[in-house]
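Structure, as structure tokens:
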Amino acid sequence: MEIIDSTKQSILIIGGTGFIGSQVAEEALSRQLNVTIISQGLSSITDRIDDVEYLAVDITQRDELFLKLKNRVFDYVVNLAGYIDHSNYFKNGDKVVDVHFDGTRNIVEFINKKDLKTYIHFGSSDEYGSNVAPQIESQKELPFSSYSFAKTASTHFLQMLHLTEKFPAVIFRPFLVYGPRQENSRFIPQVILGCLDDKVFPTSYGMQLRDFCFITDIVDAVFLTINNADAYGEVINIGSGEAISIKEIITTIQNIIGLGRPQFGKVAYRDGENMELFANINKAKKLLNWKPRINLQNGLKKTINYYSNK
């Protein structure tokens, strides 16, 4: 195990081996923080980051998590645990609730709260459900799946803790995050890879309006939130604040690459899908002094370049 410099401040990133978490970890190291990552599936991770301490633990297992966190002190915690899964409750959705809600409760219970300065929780734009766009934090949540319910329950739990016990929680509601190193199964990597291979691939008509935010802008938001007491107890949208159709995203990628043969209309829209999901980001601008720096055209070019050379 790496020798930790106890004179530095420390950050715990739960789910830190994932797309967002690993890049938060790299930025934390560049800022001279001691970095610890919790991940359930460490055995499959081959590209570990130097100078990061890794803990293999399932956050739904209370006794195991207690032992891993016992006597540890962290200044900052970023919770990115879990995965997106829209399964119905009686078809594996109960396990989704276990990870996203019960896992959050376990983390909050077992971390050392005496020295904790900031706790950043990644919720989801799915918490808005069928609310009208642009979605704003003052709207009542309308969860439509076990996943969005668990995220909403976690939001309310953390806000209650802040209200009653001054727990320094901030809840992010990220919209669609993209960029280099994202899993190939995600929407933008799938389209990029399909176009690079000049494949015929089916898609919906693509009339859904969505909000895409580049990975480095997400990371920036994390570090603008650390030690920012104005943000404690708040839910904050993190997105581009701009709506773009799925069809336009696909055709933009196709035009940049010069290849790819999408078949629009071959895939049905998802039942109950919100056709307009994009963020009002005024709160992030005000509380965090944050705004996205990478526009979509440049972000897509950076992402395409990564997959072209992978």
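Worth knowing before you read on, the calculation uses all heavy atoms, side chains too, and leaves out hydrogens, waters and symmetry mates.
In this structure the side chain of Phe19 reaches within 4.5 angstrom of the side chain of Val177, judged on heavy atoms. Using a 4.5 Å heavy-atom cutoff, the side chains of Asn34 and Glu53 are not in contact. Under the 4.5 Å side-chain criterion, counting only non-hydrogen atoms from C-beta, Val191 is not in contact with Ile249. Side-chain atoms of Leu12 and Arg72, non-hydrogen and from C-beta on, never get closer than 4.5 Å to each other. The shortest distance between side-chain heavy atoms of Gln190 and Glu183 does not fall below 4.5 Å. You'll find the side chain of Ile120 stays beyond 4.5 Å of the side chain of Asn79, heavy atoms only. No side-chain heavy atom of Phe212 sits less than 4.5 Å from a side-chain heavy atom of Ser240. In this structure the side chain of Ile294 reaches within 4.5 angstrom of the side chain of Thr216, judged on heavy atoms.
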Open item on the list: I'd like to know whether Leu300 forms a side chain to side chain contact (heavy atoms under 4.5 Å, CB included) with Ile253, so could you lay out the CA-CA distance, the side-chain angles of the two residues, the decisive distance to 0.1 Å, and finally the verdict.
Closed with: CA-CA 7 Å; Leu300 287 176; Ile253 293 170; 4.1 Å; yes

Open item on the list: Apply side chain to side chain contact (heavy atoms under 4.5 Å, CB included) to residues Thr36 and Ile13 and explain how you reach the verdict.
Closed with: CA-CA 6 Å; Thr36 300; Ile13 306 170; over 6 Å; no

Task: Arg62 and Asn106: CA distance, side-chain angles, deciding distance, side chain to side chain donor-acceptor pair (under 3.5 Å) verdict - done: CA-CA 6 Å; Arg62 289 175 56 83; Asn106 292 342; 2.9 Å; yes

Task: From CA spacing to verdict: side chain to side chain donor-acceptor pair (under 3.5 Å), His162, Glu234 - done: CA-CA 9 Å; His162 174 72; Glu234 299 289 344; over 6 Å; no

Task: Stepwise side chain to side chain contact (heavy atoms under 4.5 Å, CB included) test for Gln40 and Ile59 - done: CA-CA 8 Å; Gln40 182 179 356; Ile59 61 171; over 6 Å; no

Open item on the list: Is there a side chain to side chain contact (heavy atoms under 4.5 Å, CB included) between Ile246 and Met207? Walk through the geometry before answering.
Closed with: CA-CA 6 Å; Ile246 291 296; Met207 294 298 104; over 6 Å; no

TODO: Decide yes or no on side chain to side chain donor-acceptor pair (under 3.5 Å) for Arg181 and Ser22, but give the supporting numbers first.
DONE: CA-CA 10 Å; Arg181 293 161 47 184; Ser22 61; 3.1 Å; yes

TODO: List the steps and the verdict of side chain to side chain donor-acceptor pair (under 3.5 Å) for Thr17 and Tyr54.
DONE: CA-CA 9 Å; Thr17 58; Tyr54 289 84; over 6 Å; no

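Annotation: His121 is not in aromatic contact with Phe172 [ring centroid separation under 6.0 Å not met]. In summary, the aromatic rings of Phe175 and Phe278 are positioned with their centroids too far apart to meet the 6.0 Å limit.
Taken together through direct or relayed side-chain contacts under 4.5 Å among Ile, Leu, Val, Met, Phe, Trp and Tyr, Leu259 and Ile192 form part of one hydrophobic cluster. Leu163 and Tyr232 fall into different hydrophobic clusters, where Ile, Leu, Val, Met, Phe, Trp and Tyr residues are linked whenever their side-chain heavy atoms come under 4.5 Å apart, directly or through other members. The same ILVMFWY cluster, assembled from side-chain heavy atoms under 4.5 Å apart, contains both Met160 and Phe149. Linking Ile, Leu, Val, Met, Phe, Trp and Tyr residues whenever their side-chain heavy atoms come within less than 4.5 Å places Phe214 and Ile244 in a single cluster. In this structure, Ile304 is a member of the same hydrophobic cluster as Leu296, with clusters built from ILVMFWY side-chain heavy atoms closer than 4.5 Å.
Of all the heavy atoms in Ser125 and Leu277, the pair that sits closest is OG-CD2, 3.9 Å. The two residues Ser124 and Lys151 come nearest to each other via the heavy atoms CB-CG, 4.0 Å. What you find for Tyr178 and Asn295 is that their closest heavy atoms are OH-O, 4.0 Å. Minimum interatomic distance between Thr303 and Gly179 (heavy atoms only, all atoms of both residues): OG1-CA, 3.3 Å. Smallest separation of non-hydrogen atoms from Ala231 and Ile236: CB-CD1, 4.0 Å. Of all heavy-atom pairs spanning Gly21 and Leu80, the tightest one is CA-CD1, 3.5 Å.
Counting only distance, with no hydrogens or angles, the side chain of Ser154 and the backbone of His100 share a donor-acceptor pair below 3.5 Å. Thr118 places a side-chain N or O within 3.5 Å of a backbone atom of Asn227 that can act as its donor or acceptor partner. In this structure, Trp290 contributes its side chain and Asp217 its backbone to a donor-acceptor pair below 3.5 Å. A donor-acceptor contact shorter than 3.5 Å is absent between the side chain of Gln208 and the backbone of Asn274. In this structure, the side chain of Asn131 engages the main chain of Lys140 through a donor-acceptor pair within 3.5 Å. In terms of modelled atom types and a separation under 3.5 Å, the side chain of Lys68 and the main chain of Asp63 share no donor-acceptor contact. In this structure a side-chain-to-backbone donor-acceptor pair under 3.5 Å is present from Asn237 to Asn280. Distance alone, capped at 3.5 Å, is enough to place a donor-acceptor pair between the Asn255 side chain and the Thr251 backbone. Side-chain atoms of Ser130 never come within 3.5 Å of backbone atoms of Leu142 as a donor-acceptor pair (strictly under, hydrogens ignored). Not one N or O on the side chain of Lys166 forms a donor-acceptor pair closer than 3.5 Å with the backbone of Thr164.
A side-chain contact (heavy atoms from CB on, under 4.5 Å) with Glu27 holds for exactly one of Val219, Val222, Ile11; it is Val219.
Remark: Gln182 engages no residue in a side-chain hydrogen bond (donor to acceptor under 3.5 Å, both in side chains) (not counting sequence neighbours). Looking at residues two or more places apart in sequence or on another chain, you find a side-chain hydrogen bond (donor to acceptor under 3.5 Å, both in side chains) between Lys117 and Asp75. Legend: residues meeting side-chain hydrogen bond (donor to acceptor under 3.5 Å, both in side chains) with Asn228, ordered by chain and number and at least two apart, are absent.
Around atom NZ of Lys302, no more than 12 heavy atoms belonging to other residues, nucleotides or ligands sit under 6.0 Å away. Under a cut-off of 6.0 angstrom, the local environment of CG in Asn184 is crowded, with over 12 non-hydrogen atoms contributed by other residues, nucleotides or ligands. For Asn309, the CG atom counts as densely surrounded, since its 6.0 Å shell holds more than 12 non-hydrogen atoms of other residues, nucleotides or ligands. Atom OH of Tyr76 sits in a crowded spot, with more than 12 heavy atoms from other residues, nucleotides or ligands closer than 6.0 Å. Other residues, nucleotides and ligands place no more than 12 heavy atoms under 6.0 Å from the CZ atom of Arg186.
With respect to Glu242 and Arg210, no salt bridge is recorded, no charged nitrogen being found less than 4.0 Å from a carboxylate O. At a threshold of 4.0 Å, the pair Arg105-Asp102 counts as salt-bridged, since one of the basic side-chain nitrogens sits closer than that to a carboxylate oxygen. With respect to the salt-bridge test (charged N to carboxylate O, under 4.0 angstrom), the residues Asp220 and Arg293 qualify. Residues Glu26 and Arg48 are not paired through a salt bridge, judged by the lack of any N-O separation under 4.0 Å between the basic side chain and the carboxylate.
With hydrogens and angles left out, the side-chain atoms of Thr152 and Thr155 include no donor and acceptor closer than 3.5 Å.
Ring geometry for Phe167 against Tyr119 counts as tilted: the plane angle lies between 30° and 60°, on a 0 to 90° scale. Using the six-membered ring where Trp is involved, Tyr269 and Tyr205 have ring planes that are tilted, between 30° and 60° apart.
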